[in-house]
> 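Quick one: this structure, given as structure tokens, is what I'll be asking you about.
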Amino acid sequence: MTLDSPKLGCTDSPVRHERGQKAVFCGLTGIVWLHRKMQDAFFLVVGSRTCAHLLQAAAGVMIFAEPRFGTAVLEEQDLAGLADANAELDREVARLLERRPDIRQLFLVGSCPSEVIKLDLERAAERLNAHHAPHVRVYAYSGSGLDTTFTQGEDTCLAAMVPTLKPTEAEELLVVGALPDVVEDQCASLLSQLGIPSVRFLPARRSDAAPAVGPNTRFILAQPFLGDTAAALERRGAKRITAPFPFGEEGTTLWLKAVADVYGVSAETFEAVTAAPRARAKKALAAHRGTLEGRSLFLFPDSQLEIPLARFLARECGMVPTEVGTPFLHRAIMAPELALLPAAASLTEGQDLEAQIDRHTAINPDLTVCGLGLANPLEAQGHATKWAIELVFTPIHFYEQAGDLAGLFSRPLRRRALLAGGSAA
Ligand code: SF4
């Protein structure tokens, strides 16, 4: 006899799969936050002037602060096959490493042009590694718009690092996903208070702190867009702990609980460690609930954070998700989130921009989460918008950031109310 209990939330909901015109970033943008996290790394995009302009625009003011990223621009003679692009790349890399002896990890980042002319950056990385090791480790990954959307650039980057991590038999917990240092410190402190013996992070702040991996490694994702990295870790024998993502009070508690259960942490210890930060998070969230409660929400696909954020905004802030778009839906990684998302939400994977804008117009939501390209036009039409890119640049994970996360969504609504001369409830 089997018990056929109904599935929760959106687990069994149909997903609209769309292909067509897209308004999303390519994976090169991941460099903007990855280079801040990995303090001895340099990201060298092998691409065109378009790629250089994109990085310049996305990184904004940071380009003046001797950044650790740049573009090796493919000129017309490279594209026409008149020059040996590999020889030029070797020369550029040698020049760069001579000028910047502080660099210990160099990432060659593939772009649309480098892929179209079939420049084999993996082979180039091997060749350069042989030349510059052990002082510098050279990796290659793709951030091109042909293969990657926005945050997927972090996934391809971390997945490229996994095969080079040292092997180990040690029982360690690996937290995977680039978190701002202050958030990483909070996460490490909570896990250590729970008594988790050995916790490492991928990516590490510096190459000499890189984690090792092996059959006794357990890992948990801190970001939802890391499918390739998870698969690469599993190929090394590591086992994944499944959990919702640590957004909001509930998400953080469920994430920590999933770890605590695997390590046999007692219910009393768990309660003692989490009670105070949970109460703080709930109090901080309450300040925004009045603005957000009952308001409808529409998310265009951008970062793969959409489903966890819709879950957080629905369950902890009382918002009503209408359409939740995601550039890519990884069923296994997203299963705990889908179970918690209100069943009335409609899910879309991929994008057909015109059709999606028509649906958006028909729904006329109170708040729209979208990329910069759509934000101002939608604002001009009278819609309140939240720029999705801020969600990857701002500390939003774990208990202490729960209030700030809700604030990112309540702010555009308050601003509209203020500009309209009404109350900013
Ligand atoms: S990688 Fe492709 S999509 Fe990204 S900036 Fe370069 S040309 Fe544009």
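Keep in mind that this is a model prediction, so the values were computed, not measured. Remember, it's 1-based here, ligands and their atoms both numbered in the order they're listed.
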> Salt bridge check, R95 against E98: does any charged N sit closer than 4.0 Å to a carboxylate O?
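Between R95 and E98 there is no salt bridge, as every charged N stays at least 4.0 Å from the carboxylate O atoms.
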> If we ignore angles and hydrogens, is there a donor and acceptor under 3.5 Å between the side chains of Q223 and T151?
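Absent: no donor and acceptor within the cut-off.
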> Do you see a donor-acceptor pair shorter than 3.5 Å between the side chains of Q304 and T326?
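Absent: no donor and acceptor within the cut-off.
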> Could you tell me which atoms of ligand 1, counted from 1 in the order shown, lie closer than 4.0 angstrom to a heavy atom of C26?
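Checking each atom against C26, I get 1 (S), 3 (S), 4 (Fe), 5 (S).
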> Near G145, which atoms of ligand 1 are under 4.0 Å from a heavy atom of that residue?
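It comes down to these atoms of ligand 1: 1 (S), 2 (Fe), 3 (S).
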> Which residue owns the protein heavy atom closest to atom 8 (Fe) of ligand 1, what's the atom, and how far is it?
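Ranking protein heavy atoms by distance from atom 8 (Fe) of ligand 1, first comes T50 CG2, 4.0 Å.
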> Distance check below 2.8 Å: does C112 bring an N, O or S atom to atom 2 (Fe) of ligand 1?
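C112 does place an N, O or S atom closer than 2.8 Å to atom 2 (Fe) of ligand 1.
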> Could you tell me whether the side chains of E172 and N216 share a donor-acceptor contact shorter than 3.5 Å?
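Per modelled atom types, E172 and N216 side chains form no pair under 3.5 Å.
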> Quick one: which ligand 1 atoms are inside 4.0 Å of a heavy atom on S111?
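What qualifies from ligand 1 is 1 (S).
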> Taking only Lys NZ, Arg NE, NH1 and NH2, and the carboxylate oxygens of Asp or Glu, determine whether K282 and E316 approach each other closer than 4.0 Å.
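Here K282 does not pair with E316 in a salt bridge, since their nearest N and O are not under 4.0 Å apart.
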> Quick one about T348 and E18 (side-chain donor to acceptor, distance below 3.5 Å, no hydrogens or angles considered), yes or no?
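There is no such pair (donor and acceptor under 3.5 Å, judged by atom type) between the side chains of E18 and T348.
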> Short list, please: which atoms of ligand 1 are under 4.0 Å from a heavy atom of S144?
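Answer for ligand 1: 1 (S).
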> Answer yes or no as to whether an N/O/S atom of C51 is found below 2.8 Å from atom 6 (Fe) of ligand 1.
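For C51, the answer is yes, given that an N, O or S atom comes within less than 2.8 Å of atom 6 (Fe) of ligand 1.
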